[in-house]
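Heads up: the structure comes next, in structure tokens.
In what follows, every chain begins at residue 1, and chains take the letters A, B, ... in the order their sequences are listed. All figures in this text were calculated on a predicted structure; none of them were measured in a lab. Atoms considered below: every heavy atom in the structure, side chains included; atoms not considered: hydrogens, waters and symmetry mates.
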2 protein chains.
Amino acid sequence: MDKVQKTFRIKLGRRIEQLREDRHIEQGALAAMIGKDKQFINRYERQGANPTAFILVQIAEALNVTANDLLDFSKLKTSKD
Amino acid sequence: MDKVQKTFRIKLGRRIEQLREDRHIEQGALAAMIGKDKQFINRYERQGANPTAFILVQIAEALNVTANDLLDFSKLKTSKD
DNA sequence: TTTGAAGTAAACAAATTTGTTGACCAACTT
DNA sequence: AAGTTGGTCAACAAATTTGTTTACTTCAAA
């Protein structure tokens with residue numbers, strides 16, 4: 001896996017975490033919205049997993065944002081670019 | 001795989017094809033833009049494959065559209081919803 | 001007719017995601 | 001102290017994507 005992709009994964013995880021915390025919901029609650037468990041979400045937030053497009057859209061919908069918003073890494077607070 | 005996901009995959013494929021044809025580029029040319037071959041793109045367009053988020057973004061960038069645009073199935077001409 | 005380009009599909013190994021379980025830690029509560 | 005909650009991580013099988021190759025078809029051009 002190249003560096004570009006690794007950075008992408010880390011940032012996507014941070015973005016999911018950020019949006020989730022903005023909404024004051026727990027990993028388990030977000031997971032439940034898409035029929036998964038907390039470990040499933042934790043893998044994206046902390047373990048650099050790369051979801052399929054379908055899961056990405058499901059997460060975005062659960063967070064009430066568009067895919068673009070979820071993928072807009074410029075919105076990361078700790079945006080160590 | 002449930003029906004919702006199957007529909008998603010088919011529509012994503014149609015959307016990729018549509019945007020690609022709008023730009024008058026071939027499968028092989030689009031593929032080359034992201035360092036892949038024509039069969040790789042054909043799998044999304046015709047064989048219902050579900051790309052990872054990273055590949056989805058790469059395809060969107062190659063097509064010069066946002067992820068939202070690529071995922072906006074309401075823009076499908078043949079939108080047998 | 002032959003050649004090449006573009007699209008399509010199957011097959012295969014390798015890598016990764018998905019789905020699930022078990023376990024651990026820190027913080028807070030009872 | 002014991003129990004609960006939220007977060008984290010490792011491990012495993014199963015399913016899927018990724019990467020690559022081979023091959024077939026159609027169409028158009030030479």
Side-chain angles (χ1 to χ4, degrees), chain A residues 1-63 67 70-71 76-78 80, chain B residues 1-63 67 70-71 76-78 80:
Chain A
M1 196 196 338
D2 68 6
K3 185 178 178 177
V4 174
Q5 182 168 176
K6 185 167 293 190
T7 301
F8 174 89
R9 290 165 180 243
I10 300 299
K11 290 189 179 180
L12 176 57
R14 291 225 305 273
R15 193 81 183 106
I16 292 172
E17 179 186 34
Q18 184 180 56
L19 288 163
R20 177 178 61 77
E21 292 182 341
D22 284 352
R23 285 153 184 70
H24 307 289
I25 60 179
E26 291 76 45
Q27 289 180 350
L30 174 57
M33 291 182 211
I34 62 172
K36 305 288 161 53
D37 56 28
K38 62 179 182 176
Q39 292 91 333
F40 190 87
I41 292 297
N42 186 267
R43 266 202 299 223
Y44 301 128
E45 290 193 8
R46 293 289 167 195
Q47 296 165 52
N50 188 15
T52 54
F54 184 69
I55 299 283
L56 180 83
V57 169
Q58 284 190 124
I59 294 175
E61 286 174 352
L63 290 169
L70 185 51
L71 293 165
L76 282 172
K77 292 162 176 56
T78 341
K80 65 186 70 158
Chain B
M1 196 196 341
D2 68 6
K3 185 180 179 176
V4 173
Q5 182 167 176
K6 185 166 293 191
T7 301
F8 174 88
R9 290 165 179 243
I10 300 301
K11 290 189 178 180
L12 176 57
R14 291 224 305 274
R15 193 80 183 107
I16 292 172
E17 178 185 33
Q18 183 179 57
L19 288 162
R20 177 178 62 77
E21 292 183 340
D22 284 351
R23 285 154 184 69
H24 307 291
I25 59 179
E26 291 76 44
Q27 290 180 349
L30 174 57
M33 291 183 210
I34 62 172
K36 305 288 160 53
D37 57 27
K38 62 179 183 177
Q39 293 90 336
F40 190 87
I41 293 297
N42 187 267
R43 266 202 299 222
Y44 302 127
E45 291 193 8
R46 293 288 167 194
Q47 296 166 53
N50 189 15
T52 55
F54 184 70
I55 298 283
L56 181 83
V57 169
Q58 282 190 125
I59 293 175
E61 286 174 351
L63 290 169
L70 186 50
L71 294 165
L76 282 171
K77 292 164 176 56
T78 341
K80 64 186 69 157

When the distance from [atom1] of [X] to [atom2] of [N] is rounded to whole Å, what number comes out?
| X | N | atom1 | atom2 | result |
| --- | --- | --- | --- | --- |
| Ile55(A) | dA15(D) | CD1 | C1' | 13 Å |
| Asn50(A) | dT16(C) | CG | P | 10 Å |
| Asp37(A) | dT21(C) | CG | P | 8 Å |
| Lys38(B) | dT22(D) | NZ | P | 13 Å |
| Arg46(B) | dT25(D) | CZ | P | 18 Å |
| Gln47(B) | dT8(C) | CD | C1' | 7 Å |
| Glu21(A) | dG6(D) | CD | P | 14 Å |
| Ile59(B) | dT18(D) | CD1 | P | 8 Å |

- Message: Closest approach to the side chain of Glu45(B), judged atom by atom: which nucleotide of dT8(D), dT8(C), dT18(C) is it?
- Response: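 Between dT8(D), dT8(C), dT18(C), the one nearest the side chain of Glu45(B) would be dT8(C).
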- Message: Heavy-atom nearest nucleotide on DNA chain C for Lys36(A) versus Glu17(B): which residue maps closer to 5'?
- Response: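 Upstream on the strand: Glu17(B).
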- Residue mapping more 5' on DNA chain C - nearest nucleotide basis, Arg9(A) or Glu26(B):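 Closer to the 5' end of DNA chain C: Glu26(B).
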- State, to 0.1 Å, how close Leu56(A) and Ala53(B) come at their nearest heavy-atom pair, and which atoms those are.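 For Leu56(A) versus Ala53(B), the nearest heavy atoms are CD1-CB, 4.1 Å.
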- Verify the distance criterion only: is there a donor paired with an acceptor across the side chains of Gln39(B) and Arg43(B) at less than 3.5 Å?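 No - no donor-acceptor pair under 3.5 Å links their side chains.
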- Message: I need the Arg20(B) CZ to Ile41(B) CD1 distance, nearest 0.5 Å.
- Response: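 Rounded to the nearest 0.5 Å, the CZ-CD1 separation comes to 8.5 Å.
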- Item | Approximate separation, where rounding is to 0.5 Å, of Ile16(A) CD1 and Asn42(A) CG | 11.0 Å
Can you tell me if the side-chain N/O atoms of [X] get under 4.0 Å from OP1 or OP2 in [N]?
| X | N | result |
| --- | --- | --- |
| Thr52(B) | dT18(D) | yes |
| Asn42(A) | dG7(D) | no |
| Tyr44(B) | dT18(D) | yes |
| Arg43(B) | dG7(C) | no |

- Message: Please enumerate all residues that pass side chain to side chain donor-acceptor pair (under 3.5 Å) together with Arg15(B), with sequence neighbours excluded.
- Response: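 Gln18(B), Asp69(B).
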- Under 3.5 Å, is there an N or O donor on one side and an acceptor on the other linking the side chain of Gln39(B) and the base of dT22(D)? yes
- Determine the contact category for Phe54(A): base if any of its heavy atoms lies under 4.0 Å from a base atom, sugar-phosphate if only primed atoms, P, OP1 or OP2 are that close, otherwise nothing. nothing
